[in-house]
Engineer: 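The structure under discussion is supplied below as structure tokens; questions concerning it will follow.
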There are 2 protein chains.
Amino acid sequence: MASGGAPTIKEVAKLADVSVGTVSKVLNGTGSISAVVRKRVEDAAQSLGYAPHPSARSLRSGDTKMLGLLVADLSNPFFLQLVEAIEQRASAKGYSVLLYNSNEEPLREKRNLQALAAQRVDGVFVIPTFDPWPGRVVAFSALPCPIVQLDRILEGFDAPSVAIDNRMAGRLAAQHFIDLGHRRIAALTGSTEYQIARHRVEGLRTTMAANGLSFDETLLVQKLHTIDDAAAATFDVMGRKNPPTAIFSGNNHLTLGLLKGLSELELSMPDDVSIAVIDELPWAGMLAGGITTVVQPCGALADAALASILGDIAGSKVGEPRTSGATILQPDLKVRRSTGPVGNR
Amino acid sequence: MASGGAPTIKEVAKLADVSVGTVSKVLNGTGSISAVVRKRVEDAAQSLGYAPHPSARSLRSGDTKMLGLLVADLSNPFFLQLVEAIEQRASAKGYSVLLYNSNEEPLREKRNLQALAAQRVDGVFVIPTFDPWPGRVVAFSALPCPIVQLDRILEGFDAPSVAIDNRMAGRLAAQHFIDLGHRRIAALTGSTEYQIARHRVEGLRTTMAANGLSFDETLLVQKLHTIDDAAAATFDVMGRKNPPTAIFSGNNHLTLGLLKGLSELELSMPDDVSIAVIDELPWAGMLAGGITTVVQPCGALADAALASILGDIAGSKVGEPRTSGATILQPDLKVRRSTGPVGNR
DNA sequence: CTGAAAGCGCTAACAG
DNA sequence: CTGTTAGCGCTTTCAG
């Protein structure tokens with residue numbers, strides 16, 4: 001065995017009896033090369049199993065063909081779907097994905113960002129953690145590459161973003177409930193200090209109002225965080241003398257608590273109460289009939305995010321300013337058997 | 001603004017009024033440097049926000065500080081937990097993780113492997129897809145870096161592996177059932193052409209035998225793949241004149257089908273039937289009482305896998321042969337309320 | 001159309 | 001102890 005490591009462009013050149021420059025041109029399709037030489041080079045590269053050394057390529061060309069993916073919480077099924085969709089599309093475009101999970105820990109997000117910044121990736125997708133850390137927006141802004149925010153949009157961070165119309169998400173659920181005759185609707189939601197939760201609740205409210213209904217504010221349970229929070233809230237509202245006939249859950253996490261609460265109360269859907277939630281729980285199909293869900297178009301979100309990054313990458317070459325538009329896609333209501341007409345009680 | 005790009009070692013050298021070699025030594029802790037110079041260099045690097053260019057570093061040193069993670073199916077909650085555990089540990093050791101999802105598609109695994117091979121990562125974790133593709137073992141063996149197989153072990157692929165004792169997993173479940181008085185035990189399992197499923201069933205069988213019981217082979221439903229397969233199998237066995245009092249599910253996927261089947265049959269656990277399954281479903285807590293589960297020690301698996309890779313990386317420097325031992329860890333039975341004593345029917 | 005050579009940023013040998 | 005220098009493998013002018 002002659003050489004220990006992987007074949008270099010030099011060896012290809014020697015085998016094809018041309019210069020390294022020529023090999024590079026052939027393999028990159030730059031410059032003009034005669035057919036015979038092209039063939040010789042391609043054969044030589046093929047027979048040696050040559051692949052260009054990424055570090056050497058990057059060092060010259062300045063790009064890395066890698067994209068960073070900074071996820072607030074991998075165990076959130078919705079974020080995971082986003083990760084899957086992005087990985088697939090990035091791969092198809094010839095990019096590799098560097099994955100960082102923040103696990104909803106601000107400190108971890110900070111460290112991940114530092115690691116990412118040192119990596120010289122060509123672009124970054126970020127789903128920010130819920131809780132901020134000091135200097136976060138500044139740190140994100142200082143990234144020397146295109147960045148796109150997904151789902152959660154940071155206040156004051158002027159970078160492109162891709163998310164759904166969260167007001168519409170609330171509206172779809174509310175209208176569905178109303179169409180089924182529900183009037184007493186409860187809502188479980190996170191802290192409305194954050195845009196997402198606020199918009200979702202706004203959607204509920206405006207749709208109720210548009211139908212001439214007023215939202216019973218005592219049935220709006222906010223600032224819920226943990227699964228147990230949501231379960232407790234479920235206990236609370238369903239235990240009142242005049243309980244709601246329908247419950248809305250504002251995210252994946254709270255839905256788990258809602259289901260847990262209902263299960264412990266031995267209430268069944270939709271007979272005892274109708275529920276509609278935001279974000280698909282992939283395994284909810286095991287519940288007979290499934291759960292009526294406002295689903296986000298993960299594929300389209302990933303497409304838009306990747307387009308934003310790649311457009312920015314191309315744009316940066318001609319010195320264009322970083323685009324910072326907000327892409328807003330529409331969610332979709334999937335009606336399943338957790339919701340039914342009111343009044344069988 | 002003077003320079004457009006990120007600061008280089010040269011600029012640090014100029015600012016600190018030393019040579020680039022000295023800067024390199026200070027920053028890498030190699031060679032011996034006087035305290036004053038060290039301080040000057042560190043300050044200069046600090047104030048410029050200098051971070052070494054990874055491509056340049058890699059080109060010289062030959063390593064990339066990146067690890068590849070080739071996952072059969074990201075949407076499998078168990079694999080996802082493994083990914084989370086590995087990412088966390090790799091990050092802590094200063095490695096970045098390149099993620100590739102095969103989505104159980106052999107072709108995608110093949111393409112991912114090619115991409116990975118071209119990336120010159122320092123090591124690879126692989127959870128192979130269930131179905132093979134022509135030349136798979138050869139392709140994996142040709143990787144020019146340490147590799148470790150996780151969970152699924154490829155027949156004929158002589159590389160280090162980390163997995164649990166799958167026979168023990170079957171034994172734990174069987175013994176638990178038997179202790180509760182169950183005698184008619186059904187099992188849902190994948191194709192026993194694969195080691196994992198085979199070992200799990202073996203564990204069931206030997207434990208039954210050790211307790212003087214014989215396994216009713218008509219209650220062993222093999223070659224199940226989809227969720228609907230498992231649901232149909234559940235319908236089948238529970239619909240017999242003499243149905244089982246307990247059901248075992250061999251993996252995450254089949255558990256979903258089992259739950260779906262039971263839900264549609266309106267059978268409840270553990271009153272109508274006890275169930276015990278392999279692999280945690282993170283969201284199963286919403287089912288009142290949870291599901292009795294044989295859990296795999298994800299953290300320990302990740303630790304072992306990383307140690308194997310890093311050990312191999314260190315080893316390869318002194319020219320040691322690639323270690324190819326199989327690390328086998330023990331699973332753990334978490335008893336919850338889906339199992340109960342037999343005979344309340 | 002093809003070859004020669006510079007140099008991306010860094011590390012490691014070798015001089016001093 | 002510190003500086004100088006030769007490349008790592010590749011792309012890209014610039015000559016021919």
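Just so you know, these numbers come straight off a predicted model, no measurement behind them. The chains referred to below are lettered A, B, ... by the order of the sequence lines, with proteins before strands, and numbering in each begins at 1. Note that these values count all heavy atoms, side chains included, but never hydrogens, waters or copies made by symmetry.
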Engineer: Looking only at the side chains, is there a donor atom on one of A:Ser61 and A:Asp63 sitting less than 3.5 Å from an acceptor on the other?
Structural biologist: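 A:Asp63 and A:Ser61 do have a side-chain donor-acceptor pair below 3.5 Å.
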
Engineer: Could you tell me whether B:Arg152 and B:Glu104 have a side-chain N and a carboxylate O separated by less than 4.0 Å?
Structural biologist: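 Looking at B:Glu104 together with B:Arg152, the answer is yes, because their closest N to O distance falls below 4.0 Å.
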
Engineer: Hey, does the side chain of B:Glu84 reach the backbone of A:Leu74 with a donor-acceptor pair shorter than 3.5 angstrom?
Structural biologist: no

Engineer: Test side chain to side chain contact (heavy atoms under 4.5 Å, CB included) on A:Phe140 and A:Leu70 and set out the steps.
Structural biologist: CA-CA 11 Å; A:Phe140 275 123; A:Leu70 192 45; 4.0 Å; yes

Engineer: If the sugar-phosphate is the primed atoms plus P, OP1 and OP2 and the base is the rest, what is the B/S/- string for nucleotides 7-16 of chain D, using protein heavy atoms under 4.0 Å?
Structural biologist: BBBBBBB---

Engineer: Any donor-acceptor pair under 3.5 Å linking the side-chain atoms of A:Tyr100 with those of B:Ser96?
Structural biologist: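 A pair is found: one side chain offers a donor N or O, the other an acceptor, under 3.5 Å apart.
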
Engineer: Check for a donor-acceptor pair, side chain of B:Asn103 on one end and backbone N or O of B:Glu105 on the other, with a separation under 3.5 Å.
Structural biologist: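 No: the side chain of B:Asn103 does not pair with the backbone of B:Glu105.
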
Engineer: Going 5' to 3' along DNA chain C, which are the first and last nucleotides with any atom under 4.0 Å from a heavy atom of chain A?
Structural biologist: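 The contact span of chain A on DNA chain C goes from C:dC1 to C:dG9.
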
Engineer: Please give the angle, rounded to 10 degrees, between the axes at the start and the end of the helix from C:dC1-D:dG16 to C:dG16-D:dC1, where five pairs define each axis.
Structural biologist: 50°

Engineer: Is a side-chain donor-acceptor pair under 3.5 Å present for B:Asp131 with B:Thr129?
Structural biologist: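 Side-chain D/A pair, B:Thr129 to B:Asp131: absent.
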
Engineer: Enumerate the residue pairs fulfilling salt bridge (charged side-chain N to carboxylate O under 4.0 Å, His left out) with a member in residues 16-29 of chain B, sequence neighbours excluded, ordered by first and then second residue.
Structural biologist: none

Engineer: Would you say the side-chain atoms of B:Asn28 and B:Thr30 include a donor-acceptor pair closer than 3.5 Å?
Structural biologist: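 No, no side-chain donor-acceptor contact under 3.5 Å.
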
Engineer: Which of residues 32-41 of chain B have a heavy atom under 4.0 Å from DNA chain D?
Structural biologist: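 Those residues are B:Ser32, B:Ile33, B:Ser34, B:Val37.
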
Engineer: Just by modelled atom types, is the B:Val18 backbone N or O under 3.5 Å from a matching donor or acceptor in the B:Thr22 side chain?
Structural biologist: no

Engineer: Under the criterion side-chain contact (heavy atoms from CB on, under 4.5 Å), which of B:Leu67, B:Ile147, B:Val71 is the partner of B:Phe125?
Structural biologist: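 Going through the options one by one, the only one that passes is B:Leu67.
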
Engineer: Once salt bridge (charged side-chain N to carboxylate O under 4.0 Å, His left out) is applied, do any residues pair with A:Asp303, and if so which ones, sequence neighbours excluded?
Structural biologist: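 With sequence neighbours excluded, A:Asp303 shows a salt bridge (charged side-chain N to carboxylate O under 4.0 Å, His left out) to A:Arg89, given in chain and number order.
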
